[in-house]
Structures are given as C-alpha cells and as structure tokens.
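Read the structure below first, then the notes.
In each ligand, atom 1 is the first atom listed, and ligand 1 is the first ligand listed.
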Amino acid sequence: MTGPTRCARFLVLVICLLAAVGINVQRATANPSAGNADQGFTQWLQELRQEALAMGLSAATVDAALKDVTPVARVIEQDRSQREFTLTFTRYLRSSVTETRVERAQRLMAEHRELLQRVEARYGVQPRFLVSFWGLESNFGDYTGGFSVIRALATLAHDSRRSAFFRAELLYALRILDEGHITLDRMTGSWAGAMGQVQFIPSTFVNFAVDFDGDGRRDIWNSLPDIFASAANYLSQEGWRGDETWGREVALPPGFDFGLASLKLSKPLADWSQVHGIRKADGNPLPKADLDASIVLPSGHRGPAFLVYRNYRTILIWNRSILYALAVGHLADRIVGAAPLAALPDEQPISLKAIEEMQALLNAKGFDAGEPDGLVGRQTRAALSAYQRAIGVPADGYPTAEIIERLRRD
Ligand code: CA
C-alpha cells in the first residue's frame with residue numbers, strides 16, 4: 001500500500017508544481033503507459049464492443065457511443081489525486097449545510113410539495129430527506145458534472161487501478177443509452193461516472209432509477225419526478241423507514257465511556273437513556289420509542305455526539321462517508337426548522353503524513369495500527385483508543401495534533 005500511495009502523492013505534487021509555474025501538464029498527467037497507449041486502447045475498445053454486443057446491445061448504440069472515445073487525462077488525474085489533510089466534520093458541515101443551502105432547500109420543498117408528497121406516498125421517504133440528498137448531491141441540480149460518462153468510464157475501465165468495477169459500470173452505461181433513457185451528448189456526470197441530479201452511477205441507475213412522469217424514460221438529468229422518485233426508490237429498496245427519522249444530536253453525561261461510540265454497537269434507545277444517561281442535546285430526556293441506536297462522534301469527544309437510527313445506515317449505503325450521512329440528516333432537519341448543531345469545535349485538519357507518523361508511533365509502542373498509510377480506519381482508531389486508555393485520556397480513537405504530540409514525547 002505504502003509504496004504506490006507515496007508514489008501517487010508525489011506525482012500529484014509534481015503536477016501541482018508544474019501547473020503552478022504554468023507548464024502544460026497534458027503530457028505529465030497522461031497514462032504512464034502512454035507510449036503505445038493509442039494502439040492498446042483501440043484494441044481494448046474493440047474487445048469491449050464485442051462484449052457489449054454479446055450482451056444484446058444494439059450495434060448502432062454501441063458504435064455511436066464508442067466512436068472517437070480516447071482516454072481522458074483529467075479523469076486519471078482526478079482518480080490519482082489525494083487529499084493531503086484529514087477532512088474534519090466542522091469544515092465539512094460548514095461547507096455542505098450553509099444557511100444559503102438551507103433556505104433554498106426550504107423554498108424548493110415548498111415549491112415541489114405536491115410532487116414530493118406523491119413520491120412519499122408511493123415510496124415512503126419523507127420530502128425533507130429527498131430535498132436534502134438533492135441539495136448535497138448536485139446543489140439542487142446546479143452541479144451534475146461535465147464529463148461525458150462514456151468517456152470517463154472508458155478511461156477508468158481501461159486504466160489498471162479499478163478496471164473490473166468501471167468496466168461493469170461502462171457496460172451498464174451503454175445499456176442505459178441503448179434503452180433510450182438519455183441521449184449520448186446529454187449523458188454527462190462526474191469524473192467517476194456519477195450521473196444526473198442524484199449522482200447515480202450506472203449500476204445504481206439500472207437497479208433503482210424509475211420513470212415517475214410516465215414518458216417511458218428514466219431521466220435523472222432533467223425530470224424532477226424521475227429524480228425524486230429514483231432517489232426515493234433507491235432508499236426504500238435499501239430499507240428506509242418512512243415513519244422514522246435518521247438520528248439526533250445528543251448530550252453525553254460526564255464520564256461517558258467513549259468505547260461505546262461505535263456503529264458496530266447498537267442498543268435500544270431506552271438503554272441509552274436509562275442505563276447510560278444520554279439526553280437530547282437541549283438536556284431534555286430522549287423520546288420513548290422502540291428503536292435501536294448507535295453513537296457517532298464525528299469530531300471525537302470534544303465535538304457533537306449523535307445517536308443514529310436505521311435510516312442513518314441506509315444513508316451509508318448511498319454514500320459510506322459518516323460525515324456525508326450526518327450532513328444529509330442535519331440538512332433534512334434544518335429544512336423543517338431545526339436549529340443548527342449545538343457546538344462545532346474548531347478542528348485543525350491533520351496532515352496525512354502526520355497520521356502515518358502516528359500509526360508508526362502506535363505500532364512501535366505495541367498498539368497495532370496496521371501498515372502506516374495515512375488513512376484513519378477501524379484498526380487505527382482501535383489502536384489509538386487503546387493507547388488513550390493506557391495513558392488515561394478520553395479514549396475516543398480520534399486523532400488530534402495534541403495526541404500525536406503526546407505520542408512523540410512518550
Ligand atoms: Ca420519465
């Protein structure tokens with residue numbers, strides 16, 4: 001892991017430096033095997049064409065879609081780019097749930113109320129959540145990505161890093177074209193092939209998109225009925241409960257055992273309330289409901305705490321980022337008038353280099369954080385928690401500059 005990761009990061013650095021001094025970076029960012037790439041790509045495309053035809057797609061669709069397709073350097077560049085710092089919840093939430101976005105979401109929910117209620121009646125997903133996903137995925141349709149989905153997916157499918165995954169997505173994309181849901185020139189999306197106003201990748205489209213306006217096409221690019229119903233159908237199929245919310249911000253009692261904060265641990269709401277002393281963020285008792293819940297601490301013990309329910313786990317199927325899932329829930333709450341979160345700490349992003357150093361230091365002290373890779377995964381959090389317990393500080397498994405400094409000193 002470490003070797004290629006470092007290498008990719010170095011490459012990104014070089015590209016940034018070249019860009020900074022105004023050098024044309026086309027050459028530097030092209031596929032490393034660019035020497036005989038043209039010939040190799042053409043032959044690869046021929047094989048893909050055969051596979052698409054064998055699946056029963058029409059030659060007219062496939063040939064039109066693959067005509068003139070060449071690898072897109074900017075797609076590989078995006079795929080190789082890596083963050084240099086951790087993304088903090090404070091920073092993420094402040095950029096994703098802004099006052100402007102909350103107000104616009106409220107206006108749009110009022111404007112489309114009748115449609116959203118029809119979608120809710122059919123699929124059982126509350127309008128505020130549909131508008132929240134719509135806002136976070138594409139800023140209500142403003143940003144759907146300007147890449148040709150076929151070209152982007154062909155680039156990634158031909159590239160060696162995740163070729164099997166993207167090859168399957170490319171074949172799904174050809175199928176979507178062949179079924180006539182969208183025309184080739186309007187089939188745009190993100191560099192990774194996420195399409196339309198709900199940013200579905202082609203396999204999600206094929207499995208979950210629906211034609212709600214009844215024109216025979218599933219159009220998640222332009223038709224609001226199709227957009228809302230497709231999102232609702234996806235959530236519904238993945239277990240969404242229309243009579244439950246996603247979770248809530250809570251207040252933890254003094255001395256709370258942070259080892260209980262894990263999505264792997266679910267307890268009835270009554271237990272959290274009566275056994276562990278958790279209350280609503282405003283200090284009032286938790287509601288009485290027959291629900292299982294888990295605790296999420298996105299900024300460690302100094303930040304806000306959340307109890308999350310089943311719908312939160314469904315949001316994680318849509319996008320497995322715990323920060324994204326909290327933002328979807330919080331924006332949905334804000335749309336219907338909830339207050340901003342009680343407290344967002346001033347968090348300093350940590351460089352991934354410092355995370356790597358922290359992992360190495362934990363390993364050296366006998367707390368197994370795995371191969372240092374700069375990524376804060378389950379094993380790293382467990383190792384950090386064990387170290388925190390050993391030195392008698394709150395064991396939240398959350399990396400901060402202070403704890404890394406402490407590790408260096410100890
Ligand atoms: Ca339609």
Could you tell me if the ring centre of Phe200 sits under 6.0 Å from that of Phe205?
->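 No.
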
Measure centre to centre between the rings of Trp318 and Tyr234, then say whether the value is under 6.0 Å.
->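 So the answer is yes for these two rings.
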
Between the Ca ion (ligand 1) and [X], which N, O or S atom of the residue is the nearest one?
X	result
Asp211	OD1
Asp213	OD1
Asp215	OD1
Asp226	OD2

Apply side-chain contact (heavy atoms from CB on, under 4.5 Å) to Arg101 and list each qualifying residue two or more places apart in sequence or on a separate chain.
->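 Arg101: side-chain contact (heavy atoms from CB on, under 4.5 Å) contacts with Ser96, Thr98, Leu136, Asn139, Phe140, Leu331.
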
Find out whether the Lys NZ or Arg CZ of Arg175 is both under 6.0 angstrom from the six-membered ring centre of Tyr172 and within 45° of the ring's axis.
->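 Relative to the ring axis of Tyr172, which defines the angle, Arg175 lies outside at least one limit.
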
Taking the side chain from Asp226 and the backbone from Asp211, do they hold a donor-acceptor pair closer than 3.5 Å?
->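 Not at all, since once roles are kept as given, no pair shorter than 3.5 Å links the two residues.
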
Taking 3.0 Å as the cut-off, does an N/O/S atom of Phe212 lie below it from the Ca ion (ligand 1)?
->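 No, since none of the N, O or S atoms of Phe212 sits under 3.0 Å from the Ca ion (ligand 1).
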
